[in-house]
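Presented below is the structure to which this report refers.
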There are 2 protein chains.
Amino acid sequence: MSRLDRSLIADLPPFEGMAPADLDRILQHARSLLVAREEAIFEQEQEAHSFFLLLDGHVRVVKTTPQGQQVIVRYISPGELMGIAHALGRKTYPASAIAAADCVVLAWPGALWPDFAANFPSFGANTYKTVGTRLQDAHAQVIEMATEQVEQRVARALLRLVKQTGKKTEDGLLIDFPISRQDIAEMTGTTLHTVSRLLTAWEERGLVRSGRQKVAVVEPHKLFLLAEGRLPKA
Amino acid sequence: MSRLDRSLIADLPPFEGMAPADLDRILQHARSLLVAREEAIFEQEQEAHSFFLLLDGHVRVVKTTPQGQQVIVRYISPGELMGIAHALGRKTYPASAIAAADCVVLAWPGALWPDFAANFPSFGANTYKTVGTRLQDAHAQVIEMATEQVEQRVARALLRLVKQTGKKTEDGLLIDFPISRQDIAEMTGTTLHTVSRLLTAWEERGLVRSGRQKVAVVEPHKLFLLAEGRLPKA
DNA sequence: CGCCTGCTTGAATCCATTCAAGTCGGGTGG
DNA sequence: CCACCCGACTTGAATGGATTCAAGCAGGCG
């Protein structure tokens, strides 16, 4: 009577190296849910009742400061875990997760986390590896914020998104979900005005094409040079 | 013939919950070393031959960009692990560790990491908890860099250092190791000039006292209000 | 068709950096 | 022991990158 087939998750990194029987056991406790665009999957400060796997769509992870400013910490792509507060020994979510596009998500009760980690060692190990990777990403981001100017940071942010979700179109590599100037600003610690000016300048130079909630990169290599500060201003 | 007694480490967080016999076994593989001020314990990009525990002193963890700019990622205090690249699944150190003061350090061959994690589960769990905590710290730092101005970031950096290493003196809470304007600049993504101006301004207001490679906080609470942007400019 | 939300674009402002001297202090070598 | 010298620090002035302020535009959804 299981509606969830193990082929859904068998090939995803978090479940690598797990026996088929174990996958089934894990799926028995999962429930799947659909989340509409711009809806929250979980919210910052809320008690961490569940942890999640993104099957389809794209999710942005957002932290809000006490003063109400928002920062986009990362985007989640299909196959990634999210809301793994339990693995960090937390009782509440440290950030909010918002569907950037319509999403399909699996959810497990947070109470199961210790069982999973104990009974399925490779799942535990994979999760810790994820945490380790995210720590390195976060450090890289700190370095970036500390040493680079806005133009370079925005260029890098676009390159990251394109690498993660880029889809070939006649306009170039298109970021595969609606993304606003404001979103990009919140990823890079700047304002939507500055992002807008940069995008129009780049469009004139033929590096990108963009429109309402859409950005495509035409010349990834040139944008990369710009991110490195190695592209002549002309 | 062991020169290392388990009382050295028994009460430290990474070894919490471990049996005395296990502590002894762990110490059998450790070698201790003295590191003079400004000497490196390990270097970025270098193969990760060992992981370390700081017994005494203070260490700054520094990342250098390809362009040669340096960013201080964090300071390590006694009782903390460092150089745990293996726990992140890395073969090389992601940063350099420099003794900010004379240090006493324990070192284990990196090859032992998998054994330790497998044979001493609570040690493994404690380490992963550390990684989780550092991930949260790193995210907090990203938020800070993205949303706050230099003055607030410097104030926060001082408060963190004072909390971590503050020592009561007649000048106030003194940061317990030599720290230059340049160091503070590299923690906060600014220049030594700006840090210098801020410190002199704060000194005139009676918030801090500082001198050559030394900073003491006189009014932690007022500095905190300033970090929150809630202290009148006058 | 109208409106709301996202986007653009000038102009003014400002925070911090950069440039440029110069001072201070402490440790070292003569 | 003192003089010197180097590294840390201070401080003014000029510059500039990015934000803030202020309008106005446009495109898609209801």
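Reminder, nothing fancy here: chain letters follow the sequence lines and each chain counts from 1.
- The interatomic distance linking B:E151 (CD) with C:dC15 (P) rounds to 10 Å, in whole Å.
- Not a single donor-acceptor pair under 3.5 Å links the side chain of A:S180 to the backbone N or O of A:Q213.
- Heavy-atom nearest nucleotides on DNA chain C were determined for A:Q149 and for A:H193, and the one closer to the 5' end corresponds to A:H193.
- Listed by residue number, the members of residues 209-218 of chain B with any heavy atom below 4.0 angstrom from DNA chain D are B:G211, B:R212, B:Q213.
- Note on A:T194: a side-chain N or O is less than 4.0 Å away from OP1 or OP2 of D:dT19.
- For the segment residues 180-187 of chain B, the set of residues with a heavy atom within less than 4.0 Å of an atom of DNA chain D comprises B:S180, B:R181, in numerical order.
- Atom pair A:M145:CE and D:dA18:P shows a separation of 12 Å (rounding to whole Å applied).
- Regarding contacts with the backbone of D:dT19, a side-chain N or O of A:T191 is found under 4.0 angstrom from either OP1 or OP2.
- B:D56 places no side-chain N or O within 3.5 Å of a backbone atom of B:C103 that could act as its donor or acceptor partner.
- With 3.5 Å as the limit, one finds no donor-acceptor pair spanning the side chains of B:T147 and A:Q69.
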### Task
Evaluate the criterion side chain to side chain contact (heavy atoms under 4.5 Å, CB included) for residue pair B:W202 and B:L158; output intermediate values, then yes/no.
CA-CA 12 Å; B:W202 293 345; B:L158 290 188; 3.7 Å; yes

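- Listed for the B:R156 side chain is a donor-acceptor partner under 3.5 Å among the backbone atoms of B:A227.
- The CG-C1' distance, from B:L192 to C:dA20, rounds to 13 Å in whole Å.
- D:dT10 atom P lies 13 Å from atom CH2 of B:W202, rounded to whole Å.
- Look at B:T190 and you'll find a side-chain N or O under 4.0 angstrom from OP1 or OP2 of C:dT17.
- Under the 3.5 Å distance criterion, the side-chain polar atoms of B:S196 are left unmatched by any main-chain donor or acceptor of B:L192.
- Distance CD (A:E204) to C1' (C:dT8): 12 Å, rounded to an integer number of Å.
- B:R37 places its CZ atom 10 Å from the P atom of C:dG27, with the value rounded to the nearest Å.
- One atom, CD of B:E203, and another, P of D:dT10, lie 8 Å apart when rounded to the nearest Å.
- Listed pair B:S196 / D:dT10 meets the phosphate criterion, a side-chain N or O lying under 4.0 Å from OP1 or OP2.
- Between the base of D:dG17 and the side chain of A:R197 there is no donor-acceptor pair shorter than 3.5 Å.
- A donor-acceptor pair under 3.5 Å is absent between the side-chain atoms of B:R153 and the main chain of B:E144, judged by distance alone.
- In this structure, A:H58 contributes its side chain and A:D176 its backbone to no donor-acceptor pair below 3.5 Å.
- In A:E228, the CD atom is crowded: over 12 heavy atoms of neighbouring residues, nucleotides or ligands sit closer than 6.0 Å.
- Rounded to an integer number of Å, the gap from CD of A:E38 to C1' of D:dC29 is 15 Å.
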